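Inspection log for the structure reproduced underneath, given as structure tokens.
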Amino acid sequence: MGEMPRGRDDGSLLTRVTALRDEVERSRLVLDLPSTRQARGERQALLDQLDDYVIPRLESMDAPLLAVVGGSTGSGKSTLVNSILRREVSRSGVLRPTTTSPVLIHHPDDERWFRDARVLPSLARVTGGEGEPQPGTVRLTPSTALPPGMAILDAPDIDSVVSANRELATQLLAAADLWLFVTTAARYADAIPWRLLRQASERGTAVAIVLDRVDRPAMADVRTHLVEMLREQGLETAPVFTVPETDLTADGLIPDADIERVRSWLTALAGDQRARTIIIRQTLQGALRSLDGRATSVIEAAQAQREQASSLTQVAYDAYDAAEQGVTDGMKDGQLLRGEVLARWQEFVGTGEFFRKVETGVSRLRDRVTSAVAGGPPPAAELDQALHTGVSALLIAEADAAAATIARTWRGTEAGPLVLEAHPELARSSRGLESEVERLVRDWQGDVLDIVRSEGGNRRTNARIAAYGVNGIGLFLMLVSFAHTGGVLVAPEVAIAGGTTALAQKVLEAIFGDQAVRDMARKARQLLLDRVETLYEDERDRYTAVTGELSVSEAQIRRLQQAAAAVGEEAR
């Protein structure tokens with residue numbers, strides 16, 4: 001046997017093809033997008049041909065030539081194979097539309113080449129002729145009527161009503177050294193066979209045509225027309241054999257005289273090592289030359305899916321960035337000091353005349369607040385709960401708005417509806433968001449109390465804190481933290497809050513000093529924002545985890561491009 005050129009060093013072509021195969025497998029096209037659906041099929045077909053044919057053939061150049069017999073429903077493939085071998089090896093009914101099990105006939109001495117998974121590794125091997133073949137298997141049938149050096153595989157119909165049969169037939173043809181296409185005088189111009197024949201021409205695959213069941217008077221005209229069609233498709237060198245319409249023998253075989261030309265050609269090919277080598281080299285080199293271009297469609301689809309996934313990811317980032325900004329704005333614009341919080345604050349310290357006396361002296365103010373704290377745990381608790389509820393509602397509202405924005409935006413993309421259909425939970429905030437927010441606000445309130453305690457650095461300050469209680473001072477600090485911008489109490493916020501934060505600020509400044517109060521408010525606000533950022537990151541990660549699984553990384557695409565280019569360089 002001759003050998004394929006090996007490029008710069010022995011085995012480099014096989015190494016590069018294997019590397020390409022691995023990169024194609026890693027570059028998954030998870031999203032079944034209309035724009036990339038064809039490329040998904042091409043990716044699988046490319047993997048199949050690499051596994052079924054190119055790599056096994058490069059590893060074993062001296063293995064028997066594999067001729068796959070393909071054709072349309074009713075073209076007489078099985079009868080042709082049986083007639084060539086002069087016995088029934090592919091039984092009637094084996095390849096019904098409900099079956100996906102092909103038959104591989106080989107000389108007994110060549111069994112070792114086909115028993116293992118060297119070729120067609122996805123199909124389990126079945127031997128013997130009893131029982132109905134199972135889908136996903138290939139039946140191995142030894143026959144001394146077939147010379148060593150060649151095997152014949154009878155494939156399912158290329159236009160079978162069962163999609164699995166059609167897919168398998170296409171896969172088997174891609175695993176062939178030689179396509180033996182069987183058609184009839186009535187169907188030789190059908191579209192499906194010619195689509196596959198054009199593919200064979202583009203990839204340089206060796207092809208022979210058997211024109212079956214032709215009326216003898218019309219044989220010359222039909223053959224001439226078929227040859228012209230082959231020439232138009234670049235297959236002018238393909239041998240064409242005609243088999244006339246005839247009565248079968250008692251054994252269901254085509255008469256020997258009518259099948260002799262086909263059988264003689266195959267027998268001569270099996271016995272001629274040089275002729276086999278030429279055909280193997282032609283098909284293998286054609287397959288190798290096609291790999292670079294076929295990989296390009298996979299690369300382009302991978303890039304398209306990466307862009308789609310990246311776009312979906314960016315939507316999630318933008319939505320939760322907006323949610324964080326919404327919380328920041330809500331902490332600064334006084335909205336948390338309205339309504340229930342304001343009412344509970346007024347219950348806590350009293351209203352009316354008390355606010356008009358705010359400026360008359362801190363000591364009188366402290367006495368009044370101390371009295372309110374000492375005598376009113378329920379109002380303090382209610383104020384604390386009102387603050388808790390207000391902050392929680394703000395965080396949940398912004399998170400829900402982000403989830404709704406993501407779902408609405410995704411539905412306007414090509415990939416988004418598919419992702420939402422597969423992951424309907426992404427159309428809304430996570431199931432446990434409310435409990436997470438409740439815990440977050442409680443923890444933040446604990447942070448605020450820690451700030452108060454840490455600021456009690458001397459005996460005098462501690463005594464003042466003790467006069468109000470840590471919880472009371474913590475409530476004041478929470479209120480002040482929601483009404484400061486850059487540490488300065490903003491007049492509109494004071495108006496909105498009805499003087500709420502002005503009072504709280506006066507008390508805190510009397511205890512800690514004005515600069516310390518600004519620092520404490522800023523720290524309290526930042527601690528809440530830090531916790532919100534973590535919360536929203538967890539919410540966003542639900543989306544990015546899914547989109548990350550859908551994407552092919554830039555590094556993967558680059559490796560695939562390099563692997564395809566390396567094979568293209570070797571194959572030229």
Side-chain angles (χ1 to χ4, degrees), residues 64-95 102-111 114 128-129 139-157 176-188 193 206-227 230 238-273 275-276 279:
L65 181 148
L66 179 61
V68 174
V69 181
S72 304
T73 302
S75 60
K77 301 186 309 300
S78 296
T79 300
L80 177 72
V81 171
N82 292 336
S83 299
I84 290 170
L85 301 175
R86 305 317 294 169
R87 73 180 183 91
E88 187 183 72
V89 291
S90 185
R91 293 177 301 167
S92 175
V94 168
L95 299 177
V103 178
L104 192 154
I105 306 99
H106 59 84
H107 189 276
D109 293 345
D110 288 337
E111 182 178 0
F114 304 106
R139 182 182 297 281
L140 300 184
T141 302
S143 173
T144 55
L146 192 66
M150 173 180 285
I152 295 177
L153 192 149
D154 190 0
D157 300 332
D177 293 303
L178 170 66
W179 290 13
L180 190 61
F181 250 85
V182 183
T183 187
T184 65
R187 303 196 58 183
Y188 70 89
V207 176
I209 309 293
V210 176
L211 186 58
D212 195 13
R213 296 207 295 260
V214 185
D215 287 340
R216 293 182 188 273
M219 188 174 291
D221 291 340
V222 172
R223 186 183 187 283
T224 298
H225 186 219
L226 175 58
V227 169
L230 290 169
V240 177
F241 302 95
T242 53
V243 177
E245 181 72 61
T246 186
D247 293 330
L248 301 181
T249 68
D251 297 327
L253 305 178
I254 300 170
D256 195 44
D258 293 326
I259 201 72
E260 178 59 28
R261 286 190 64 242
V262 181
R263 185 172 66 245
S264 297
W265 182 76
L266 289 173
T267 301
L269 182 60
D272 187 337
Q273 179 175 312
R276 292 201 312 271
I279 287 179

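Note that the structure is predicted; figures quoted are calculated from it, not measured.
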Are the side chains of L211 and T183 in touch, meaning some heavy atoms are under 4.5 Å apart?
-> yes
What are the two closest non-hydrogen atoms of V68 and A155, and how far apart are they?
-> CG1-CB, 4.0 Å
Rounded to the nearest 0.5 Å, how far apart are CG of D256 and CD1 of I84?
-> 11.5 Å
Can you find a heavy atom in the side chain of I254 that is under 4.5 Å from one in the side chain of L248?
-> yes
Any pair counted as salt bridge (Lys or Arg N to Asp or Glu O under 4.0 Å), so long as it reaches residues 244-253, sequence neighbours left out = none
With a 4.5 Å heavy-atom cut-off, do F181 and S75 have their side chains touching?
-> no
Considering all heavy atoms of both residues, which atom of A206 and which atom of I279 are nearest to each other, and what is their separation?
-> CB-CG2, 3.7 Å
Taking all heavy atoms of P102 and all of P156, pick out the closest pair and write down the distance.
-> CB-CD, 4.3 Å
The reported gap from CE in M150 to CG in D272 (rounded to nearest 0.5 angstrom) is 10.0 Å
Shortest non-hydrogen separation from A145 to L85 and the atoms involved = CB-O, 3.5 Å
Would you name the heavy atoms of D110 and G149 that are closest together and state the gap between them?
-> OD2-N, 2.8 Å
Sorted by first residue and then second, give each salt bridge (Lys or Arg N to Asp or Glu O under 4.0 Å) pair with at least one member in residues 177-187; sequence neighbours left out.
-> R57-D177, D159-R187, R187-D190
Report the distance from atom CG of L180 to atom CG of L266, rounding to the nearest 0.5 Å.
-> 6.0 Å
Can R139 and D154 be counted as an ion pair, charged N to O under 4.0 angstrom?
-> no
Is the backbone of V89 close enough, under 3.5 Å, to the side chain of N82 for a donor and an acceptor to pair up by distance?
-> yes
With sequence neighbours excluded, residues passing side chain to side chain contact (heavy atoms under 4.5 Å, CB included) with P147 | T267, A270
Hey, does P64 have a side-chain heavy atom less than 4.5 Å from the side chain of H106?
-> no
Would you mind reporting whether P142 and E111 have side-chain heavy atoms less than 4.5 Å apart?
-> no
Distance (rounded to the nearest 0.5 Å) between L146 CG and D109 CG = 11.5 Å
Can you name the closest pair of heavy atoms from G70 and K77 and give their distance?
-> C-CD, 3.3 Å
CG/D212 to OG1/T184 distance, rounded to the nearest 0.5 angstrom?
-> 7.5 Å
Is the H225 ring parallel, tilted or perpendicular to the Y188 ring (thresholds 30°, 60°)?
-> perpendicular
Any donor and acceptor pair, going by atom type alone, linking the side chain of R261 with main-chain N or O of F241 inside 3.5 Å?
-> no
Within-4.5 Å side-chain heavy-atom neighbours: V222 and D215 = no
The reported gap from OG1 in T246 to CG in D258 (rounded to nearest 0.5 angstrom) is 4.5 Å
